[in-house]
Each structure stands twice: as C-alpha cells, then as structure tokens.
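Remember, it's 1-based here, ligands and their atoms both numbered in the order they're listed. All residue numbers in this chain count up from 1 along the given sequence.
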Amino acid sequence: MERILVIGSSGQIGSELVLALRKIYGGENVFATDIKEPTPEVSASGPFDKLDVLDFNNLLHYVVRYNITQIYNLAAVLSGNAEKIPLQAWDINMKALMNTLEVARQTDAKKLFWPSSIAIFGPTTPMENTPQLTVMEPNTVYGISKLAGERWGEYYFHRYGIDFRSVRYPGLISYKTEPGGGTTDYAVEIFYEAVKNASYECFLTEDTGLPMMFMDDAIINTIKLMQADADKLSLRSGYNMAGISFDPKGLAAEIKKLMPEFTITYKPDFRQAIADSWPASINDEIARNDWGLEEEYDLEKMTKVMLEKIGEKLGN
Ligand code: AKB
C-alpha cells in the first residue's frame, strides 16, 4: 500500500494533484501538507498538516511517523518572484529539494516527484521544437535552481538509488487555484479579467510564444510518470513536456470567439525578459515513447472550459 506525502498541497498544482491521488490511493493514504491553509476540497478529503519543507527534522519525523513511501515535493518560488529575491529564492528552492532528497535517502520514501520547468532553458537554447538534450544556460534564478535540481535528482538516483522522477512543466493553466509569481501566469489571469471586466492588460508582448498545458493534462501525466515501470524510464532528469504553444495574441483571439466584447492591451514588464529566454515550443518525443505522455486539451477546448469554470466560480 502506497502512502503518499504531497508537499505544497495548497498551491496551483498541489491542490488538484492531492484530489487526483486520493481518488486512486484513498483519502487516508495521501498526506497533504503546506505552510498555507488547504483548499476546502483538500481539507475535506483526507489528512492535511502544516509542514515546512525547509525544516529538515520535522519533515523527517513526519515521513517516518506516517510510513510514507512516495513524496511529491511541489514547493518552489516561481520565476517572477524569484527575480525579486534572488538569494532567498535560491535558498528556498534548493533547500526544499535537498531536504526531500535526504529524507528519501534516510527513510522508506524512496520514490520522489519534483517538478522541473521549461525555465531550465535559456537564451542560447534553440527556441522552436526544443529537444530534450540541448544547450541549457538559464539566466534566471528559478531556471538555475531547476537545472541544478535536475542534476541533483539524477545524482541521488545513480548514487543512492532514489527513484527520482521529474517533468519540465510548461506554463500550467487552471481554474481551481491561481498560480503565484510565475511568468506564464498571464495565461490564467487573462481568463479572470475576461470574466470580470471583458478586458486584460498583458505583461508580455502579443507575440511572446510559450508552451502551456491545461492542469488536467498536467496532473494525469504526472501520475502516469510516477506509475510507469522504472525500467521504461530512460531519463532521470526532467522529461520535456510540450503541451500547447501559443502567444497572448492567439489566446486573446480564442477568447474573443466566445466573448466578442473582450479586448486586450499590452504593457510588458520585467517578466518579458524571462519569457524571451524560454522556448516557444518543445519536443517531448522521449516522454511520449518512454511512458506514454499524451494530452486531451488543445487551445480551443481549454479556453472554453476556463471561461465556463471561472464564470461559475465568480458567479457570472
Ligand atoms: C513560471 O512561469 O515561473 C512557471 C514555470 C514555467 O515554471 N509557471
């Protein structure tokens, strides 16, 4: 019987991942933890505890006490926020990972998921159809921490046998819990502003193409990777995951099809430079072949669901 710890369960990914894992493994076997309050659905469907991943001893005791066998560590300072507090963001992102890797080494929780990101690529990376193995010179603190994290994960796999698994998430688009502090966040904000005000001022230029993925696809594929047979995995760094690529202008056009009154303006800020350093589209052949990565949502389907669900949420 698997007993699963989710660190960062109140965040954009965690709040949905916990619910999906509880459907598979049973509410009582998925331990949701965060330093922030849980969503009502997370708190109603199984255990939740306040736990700070930066406190190594507490984390170790928690894992031993509840006989945890798998950990999903989602705690991180995202790209935009990390640029405001570079040294602190580096400390938090790396300590959160290293504490989890060490706890995995010292306990029975040998299987570990940790999210990497398209941020591991940088301005010298080929920007279209970016391959799995290519030039990687990230120039953001977040990207540097993700690249270092992938290297550490692979190191712990080879050196200590930790079953480390990771994907390079593109921007994630969801309606349940909002993201915070990322560069791809515009693609979520735009839907809230469309529903509230029928207009949006975008912090990226109209032609800034980036890879994105609807949260349902991200969750299904994350669990798929964790359930894959170990001998199928040819990589122990982060798998490229392409999702759907579009720019703000394309997304606005899709929203306009359903909301003709919607308007968009552009006022790029410091996040433009971050977005410019990331690929516009990704090649994820290896994930498709190794463990069956596949998506259900394209831009049209995602836009429809986002507008509907955010409309319901905001009572429109
Ligand atoms: C961010 O924008 O920082 C994240 C990411 C792409 O990892 N959403």
**Message:** Within the 4.0 Å heavy-atom shell around Leu78, which atoms of ligand 1 are there?
**Reply:** 3 (O)
**Request:** Check the angle between the aromatic planes of Tyr142 and Trp278 and answer parallel, tilted or perpendicular using the 30° and 60° thresholds.
**Result:** tilted
**Asked** For the residue pair Trp291 and Tyr239, is the inter-centroid distance of their aromatic rings smaller than 6.0 Å?
**Response** yes
**Asked** So between Ala187, Ser117, Pro211, whose heavy atom ends up nearest atom 6 (C) of ligand 1?
**Response** Ser117
**Asked** Taking the six-membered ring for Trp, are Tyr66 and Tyr62 parallel (under 30°), tilted (30 to 60°) or perpendicular (over 60°)?
**Response** tilted
**Request:** Identify the protein heavy atom lying closest to atom 8 (N) of ligand 1, giving its residue, its atom name and the separation to 0.1 Å.
**Result:** Thr184 OG1, 2.9 Å
**Asked** Atoms of ligand 1 less than 4.0 Å from Gly182 heavy atoms?
**Response** 1 (C), 2 (O), 3 (O)
**Message:** Would you call the rings of Tyr72 and Phe113 parallel, tilted or perpendicular, taking 30° and 60° as the class edges?
**Reply:** tilted
**Item:** atom 3 (O) of ligand 1 [closest protein heavy-atom partner, distance rounded to 0.1 Å]
**Value:** Ser79 OG, 2.6 Å
**Request:** Would you mind running through ligand 1 and noting each atom that sits below 4.0 Å from a heavy atom of Trp278?
**Result:** 1 (C), 2 (O), 3 (O), 6 (C)
**Asked** Are Lys196 and Glu193 ion-paired here, with the side-chain N under 4.0 Å from a carboxylate O?
**Response** yes
**Prompt:** With the threshold set at 4.0 Å, does a side-chain nitrogen-carboxylate oxygen contact exist between Lys146 and Glu150?
**Reply:** no
**Request:** Give yes if a backbone or side-chain nitrogen or oxygen of Tyr142 is under 3.5 Å from a nitrogen or oxygen of ligand 1, and no if not.
**Result:** yes
**Prompt:** Nearest to atom 2 (O) of ligand 1, what protein heavy atom do you find, and at what distance?
**Reply:** Thr183 N, 2.7 Å
